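Working notes for the structure below.
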2 protein chains.
Amino acid sequence: MAGRILRADILRVAIELLDRGGLPALVMRRIAAELDVQQSALYWHFRNKQELLAALADQIIDAVAAPTSTGWPSRLEELCGNLRAELLEHKDGADLVATAFAFRLGAGEAIRRFEGELDRAGLSTQEAQTAASVLLHYVLGYTTNEQQHRQAADLGALDPQSMPHDRTPFGTEDFLRGVRLVVRGIGPAAADG
Amino acid sequence: MAGRILRADILRVAIELLDRGGLPALVMRRIAAELDVQQSALYWHFRNKQELLAALADQIIDAVAAPTSTGWPSRLEELCGNLRAELLEHKDGADLVATAFAFRLGAGEAIRRFEGELDRAGLSTQEAQTAASVLLHYVLGYTTNEQQHRQAADLGALDPQSMPHDRTPFGTEDFLRGVRLVVRGIGPAAADG
DNA sequence: ACCTGAACACCGTTCAAGT
DNA sequence: ACCTGAACACCGTTCAAGT
């Protein structure tokens, strides 16, 4: 009662478990059980769990929609918004990608997307790297907080002290204010798009 | 062969273990052993491990030196630098504080420090919150990456592809470029300090 | 109030052995 | 090449019982 499995099968099941129960549900034993396989079988396809998480992060990043606007400031805003939206699609998605990014394993593609947009803006390589770093850390950090807050509220763990009228400080508009602040800081060094 | 312990004892031992072995060494069993106490004794002083980590994060944040410069842009740069420096003092310090911040338990004091500086700059409350959020996420994210990279290099896990001449993109100067980028974005909305 | 003793319910990872 | 079976070495947390 077994069956051969593929890397892609593992990743598909992992995403399903993540979407359903977040990072706490993403355990090797459950992935294996879902595939009717021994847990040790997973270690033939991935060196360890961290590598699996990195592949998952890459997959999420690849699904981020490309910006369609013209003009680098709008394109940058759009890319940030699209990244946040994709992270929010998966439970604990921001936390997962932020962790993988910190471990320098996955999410390397994300920073290249940002740098690509900043090249178009006419920044030097160094300036583009700096701006990409600031933007990416903001999007990942903000969205991690936002998602954690949302999921805590969903579980009824609401702190009445910090949210008096159910108005949280989070949301698309609040998020975009941060993005625009950074874009303003880029402006002086960039050519007009 | 026991002894009564205090919250402060637990925190002191926890910091020692953190400094020596990072987050992987920060396990309840080792804290208890170091204090000659059963692990369950810790749960009288802290509801769970997460609460302990939050208290640890608060303690680290409280140790961040206050800026001494005059003029809000310099003061802001200095505060960011001091925060990074303090995080680097403890192994996995940035990761610990970033996680506690994401869980909204500790590190609430950190954002108040930033907002305080931005009030002096003459920003509105909303603008101050936005700028504080961007700066804090950048410092925590950047320093987490930097520290992870350092510690991986210390263990000899260096990737020769990504660091061809042992010149890493990390360092105080590189860090400050990001801070200055954000400060430039704040400028247009702030009064002169 | 504060701690012991002992258990519960989990984890990720390894490795000889099979096919 | 790809998986089984079984173990190893850990974790955080709970809870009756002691003092």
Side-chain angles (χ1 to χ4, degrees), chain A residues 1-18 20-57 91-92 95-96 99-100 102-103 105-106 148 152 155 157, chain B residues 1-18 20-57 91-92 95-96 99-100 102-103 105-106 148 152 155 157:
Chain A
M1 197 57 56
R4 46 199 49 208
I5 54 172
L6 303 170
R7 239 182 103 96
D9 295 323
I10 298 177
L11 291 174
R12 177 179 44 77
V13 167
I15 286 276
E16 287 171 11
L17 290 176
L18 182 73
R20 209 173 303 143
L23 281 175
L26 204 58
V27 286
M28 303 301 269
R29 278 168 160 84
R30 288 198 56 183
I31 299 175
E34 214 84 13
L35 290 164
D36 258 308
V37 141
Q38 292 285 91
Q39 354 170 172
S40 49
L42 303 176
Y43 289 85
W44 195 89
H45 298 274
F46 293 95
R47 194 196 299 273
N48 49 39
K49 189 183 182 182
Q50 210 173 109
E51 210 177 64
L52 199 165
L53 294 180
L56 238 42
K91 201 168 293 185
D92 287 339
D95 195 358
L96 167 64
T99 301
F103 274 65
L105 289 172
Q148 219 99 45
L155 292 180
Chain B
M1 196 56 57
R4 45 197 50 208
I5 55 173
L6 302 170
R7 238 182 104 97
D9 294 323
I10 298 178
L11 291 175
R12 177 178 44 77
V13 167
I15 286 276
E16 287 171 10
L17 290 176
L18 182 72
R20 208 173 302 143
L23 282 175
L26 205 58
V27 286
M28 304 301 268
R29 279 168 161 83
R30 289 198 54 184
I31 300 174
E34 214 85 13
L35 290 166
D36 259 308
V37 141
Q38 293 286 89
Q39 355 170 173
S40 50
L42 303 176
Y43 288 85
W44 195 91
H45 298 274
F46 294 94
R47 194 195 298 274
N48 50 39
K49 189 183 182 181
Q50 209 173 111
E51 211 177 64
L52 199 164
L53 293 180
L56 238 43
K91 199 167 294 184
D92 286 341
D95 195 356
L96 167 64
T99 302
F103 274 66
L105 288 171
Q148 219 101 43
L155 292 181

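All values derive from a computational prediction rather than experimental measurement. Lettering follows sequence order; numbering is per chain, from 1.
- Comparing C/dC3, C/dG12, D/dC3 by their nearest atom to the side chain of A/Val27 picks out C/dG12.
- For B/Val37, the listed nucleotide lying nearest its side chain is C/dT4; candidates were D/dA6, C/dT4, C/dG12.
- Here A/His45 does not reach the OP1 or OP2 of D/dA1: none of its side-chain N or O atoms lies under 4.0 Å away.
- Picking from D/dG5, C/dT4, C/dG12 the nucleotide with the shortest atom distance to the side chain of A/Gln38 gives D/dG5.
- Proximity of a side-chain donor or acceptor of A/Lys91 to a complementary backbone N or O of A/Gly21 within less than 3.5 Å is not detected.
- The listed nucleotides are D/dT14, C/dC3, C/dT13; the one nearest the side chain of B/Trp44 is C/dC3.
- Listed for the A/Asp95 side chain is no donor-acceptor partner under 3.5 Å among the backbone atoms of A/Asp92.
- Between A/Leu53 atom CG and C/dC11 atom P there is a gap of 14 Å when expressed in whole angstrom units.
- In this structure, A/Ile31 places its CD1 atom 11 Å from P of C/dT13, rounding to the nearest Å.
- Spacing between atom CZ of B/Arg7 and atom C1' of C/dC3 amounts to 18 Å, rounded to whole angstrom units.
- Between B/Leu26 atom CG and D/dC11 atom C1' the separation is 13 Å, expressed in whole Å.
- Set against D/dC3, C/dG5, C/dG12, the side chain of A/Ala41 has D/dC3 as its closest nucleotide.
- Judged by Watson-Crick or G-U wobble contacts below 3.5 Å, the nucleotide C/dG5 has D/dC15 as its partner.
- Rounded to whole Å, atom C1' of C/dT13 lies 12 Å from atom NZ of A/Lys49.
- Each of A/Thr99, A/Asn48, A/Leu26 was compared with A/Leu53 under the side chain to side chain contact (heavy atoms under 4.5 Å, CB included) criterion, and only A/Leu26 meets it.
- Across the P atoms, C/dC10 and D/dA9 are found 22 Å apart, a figure rounded to whole Å.
- Once rounded to the nearest 0.5 Å, the distance linking CD1 of A/Ile31 with CD of A/Glu16 reads 10.5 Å.
- With rounding to whole Å, B/Met28 atom CE is found 6 Å from D/dT13 atom P.
- The side chain of B/Gln39 lies closest to C/dA7, out of C/dG5, C/dA7, C/dC2.
- Closest contact between the side chain of A/Arg29 and the listed nucleotides C/dC11, C/dC15, D/dG12 involves C/dC11.
- Closest to the side chain of B/Arg4, from the set C/dG12, C/dC2, D/dC2, is C/dC2.
- Looking at the side chain of A/Tyr43, the nearest of the listed nucleotides C/dT4, D/dG12, C/dT14 is C/dT14.
- Side-chain contact between A/Leu52 and A/Tyr43 is absent, with no heavy-atom pair separated by less than 4.5 Å.
- Following rounding to the nearest Å, B/Leu52 (CG) and D/dG12 (P) show an atom-to-atom distance of 10 Å.
- Nearer to the 5' terminus of DNA chain C, by closest-nucleotide assignment, is the contact made by A/Arg30 (compared with the other of A/Ser40 and A/Arg30).
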